[in-house]
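Side chains are part of it too, since the values below use all heavy atoms of this structure and drop only hydrogens, waters and symmetry mates. The first residue in the sequence is number 1, and the count goes up from there.
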Amino acid sequence: MKNLLDFTLDELKDQLSPPFRAKQIFEWLYKKNATSFDEMLNLPKDLRANLVQEFYLDPLKCVKFERSADGSIKYLFELKDGLRIESVLLPMKEELNDENGEVTRHARYTICVSSQVGCRMGCSFCLTGKSGLTRNLTPGEIVGQILCIKRENKIPYERRVNVVYMGMGEPLDNLENVSKAIKILKENDGLAITPRRQTVSTSGLGSQIKKLGEMDLGVLLAISLHAVTNELRSKLMPINNAYKIESVMEAVRGFPIDMRKRVMFEYLVIKDMNDGIKDAKKLVSLLHGIKAKVNLIYFNPHEGSEYGRPNTADMEAFQTYLRDHGVTCTIRQSKGLDISAACGQLKERDNQMSGKTLAKTAK
């Protein structure tokens, strides 16, 4: 059977006769949150019966979630083959009401999605890569994460969300499926999430950054930099042995960016490793000539990690130096510190609990 969420609208039109049925199905899936073909009452009964035999609508199911005091929610999803991935809902702005109870500002959300089961980049600070890459996610498995989270949180269709491909996996290592997911999400008859609300985050695959740019999808780009010297970056991120900092910067300079937007550089700050003013000075030099925004991120310690969380004073000094030298810079306010916030933590904890349960059963 085929995952219905794997199809763009045009592809689905090619599968159906008459083709206008594809638009009706898209509306049921993405606007009306249908979870079965029986709900699609404007489709002929015989067509619904045929669709049941050919397609399925539920590429994943939520098996666990953790809700933080700050409102963020981390989900553990199980795929059809039993493998598991993580996604996160991040509330960015709360809903505001006036004295009459009328909404003056709607709530805003970002959904962080996975693109692979596992990862082969092997970053030393990341739990996801510990077990390597199992497989790529299909476009529908990527889209399904967003659809499920919007449905579970009753986020209205007309309420647009931001999407970041920043969960488990390296998006550009699964470029074909990620790019197709971007196209499915932007369909006006679907979720209508414009590419400028979608950010692809990469550890720095220079050749793939170039390919993504040539596709001219209109998405935003985020680079996981995390170090300003090749020596340290190779220690933190083995992919740097294949794509040195210089080659990553060259690829970024050729990437098409909307004049109103910037390339995001994610910089994970680790205590006593990359948190000094000398690092900030080098970063300013690397970004020269790039319309960039730097997002400083507190390292979120996890069990078994050799790295430490930086001091707030060091983070602020780093930010001040960048700003004083013309670089737009923010400090990401850590969310979900009271839950399994770091990428791979919830899945790892679930695996550990399952292992303990099996061990007790064996005894």
In Å, rounded to the nearest 0.5 Å, how long is the span from [atom1] of [X] to [atom2] of [Y]?
X    : Y    : atom1 : atom2 : answer
C119 : L133 : SG    : CG    : 7.0 Å
D275 : K278 : CG    : NZ    : 7.5 Å
D258 : R196 : CG    : CZ    : 8.0 Å
L286 : E246 : CG    : CD    : 7.5 Å
K244 : S247 : NZ    : OG    : 9.0 Å
E86  : M168 : CD    : CE    : 5.5 Å

Applying side-chain hydrogen bond (donor to acceptor under 3.5 Å, both in side chains), name anything that partners Q116, two or more places apart in sequence or on another chain. N136, D173
Would you please say whether a donor-acceptor pair under 3.5 Å links the side chains of [X] and [Y]?
X    : Y    : result
E170 : S203 : yes
N33  : W28  : no
D6   : T138 : yes
S68  : D70  : yes

How about [X] and [Y]: do any of their side-chain heavy atoms sit closer than 4.5 Å?
X    : Y    : result
Y307 : P301 : no
L322 : L283 : yes
L79  : P59  : no
I155 : L89  : yes
V113 : Y165 : yes
T328 : V294 : no
Y267 : N295 : no
I290 : M249 : yes

Between [X] and [Y], which heavy-atom pair has the shortest distance, and what is it?
X    : Y    : value
F77  : L60  : CD2-CD1, 3.7 Å
Y157 : A192 : OH-CB, 3.8 Å
I142 : A181 : CG2-CB, 3.9 Å
I297 : M315 : C-CE, 3.9 Å
A280 : Y321 : CB-CD2, 3.7 Å
A34  : M40  : CB-CE, 4.3 Å

Show your working on side-chain contact (heavy atoms from CB on, under 4.5 Å) between Y30 and L5 and close with a plain yes or no. CA-CA 10 Å; Y30 298 111; L5 302 186; 3.4 Å; yes
Carefully, step by step, assess V263 and I257 under the rule side-chain contact (heavy atoms from CB on, under 4.5 Å). CA-CA 7 Å; V263 176; I257 286 289; 3.7 Å; yes
Can you confirm whether E176 is buried at CD, in the sense that more than 12 heavy atoms of other residues, nucleotides or ligands lie under 6.0 Å from that atom? no
Can you tell me if K23 has over 12 outside heavy atoms packed within less than 6.0 Å of its NZ? no
Looking only at atom types and distance, does a side-chain atom of [X] sit under 3.5 Å from a main-chain N or O of [Y], one as donor and one as acceptor?
X    : Y    : result
N174 : P171 : no
N153 : I149 : yes
Q198 : I193 : yes
S234 : E231 : no
R48  : L43  : yes
E39  : S36  : yes
N100 : E102 : no

Flag yes if M264 and L296 sit in one hydrophobic cluster, no otherwise; membership is Ile, Leu, Val, Met, Phe, Trp, Tyr, and two members link when side-chain heavy atoms are under 4.5 Å apart. no
Side-chain donor/acceptor pairs under 3.5 Å, residues 49-58, sequence neighbours excluded:
from, atom 1, to, atom 2, distance (Å)
N50, ND2, D46, O, 3.3
E54, OE1, K2, NZ, 3.4
D58, OD1, K80, NZ, 3.2

Residues at least two apart in sequence or cross-chain that pass side chain to side chain contact (heavy atoms under 4.5 Å, CB included) with T110, listed by chain then number, are L90, M92, N162, V164
For the pair R135 and E141, find out whether any cationic side-chain nitrogen is under 4.0 Å from an anionic carboxylate oxygen. yes
Indicate yes or no: does K74 engage E66 in a salt bridge with an N to O separation below 4.0 Å. no
Quiz item: cation-pi between R309 and Y298, 6.0 Å / 45°: yes
Check whether F265 forms a cation-pi arrangement with R262 (NZ or CZ under 6.0 Å from the six-membered ring centre, at most 45° off the ring normal). no
How would you list all residue pairs meeting side-chain hydrogen bond (donor to acceptor under 3.5 Å, both in side chains) that involve residues 179-189, not counting sequence neighbours? E11-K180
Working note: S224 + T202, criterion side-chain contact (heavy atoms from CB on, under 4.5 Å); need CA distance, chi angles, decisive distance, verdict. CA-CA 6 Å; S224 296; T202 175; over 6 Å; no
For the pair R233 and L225, evaluate side-chain contact (heavy atoms from CB on, under 4.5 Å) and give the outcome as yes or no after the intermediate values. CA-CA 8 Å; R233 195 166 190 269; L225 189 60; 3.9 Å; yes
Pairs satisfying ring-ring contact (aromatic ring centres under 6.0 Å, His included), at least one member in residues 117-156, at least two apart: F125-H226
Could you list the donor-acceptor pairs under 3.5 angstrom formed by side chains in residues 210-217, with sequence neighbours left out?
from, atom 1, to, atom 2, distance (Å)
K211, NZ, Q208, OE1, 3.4

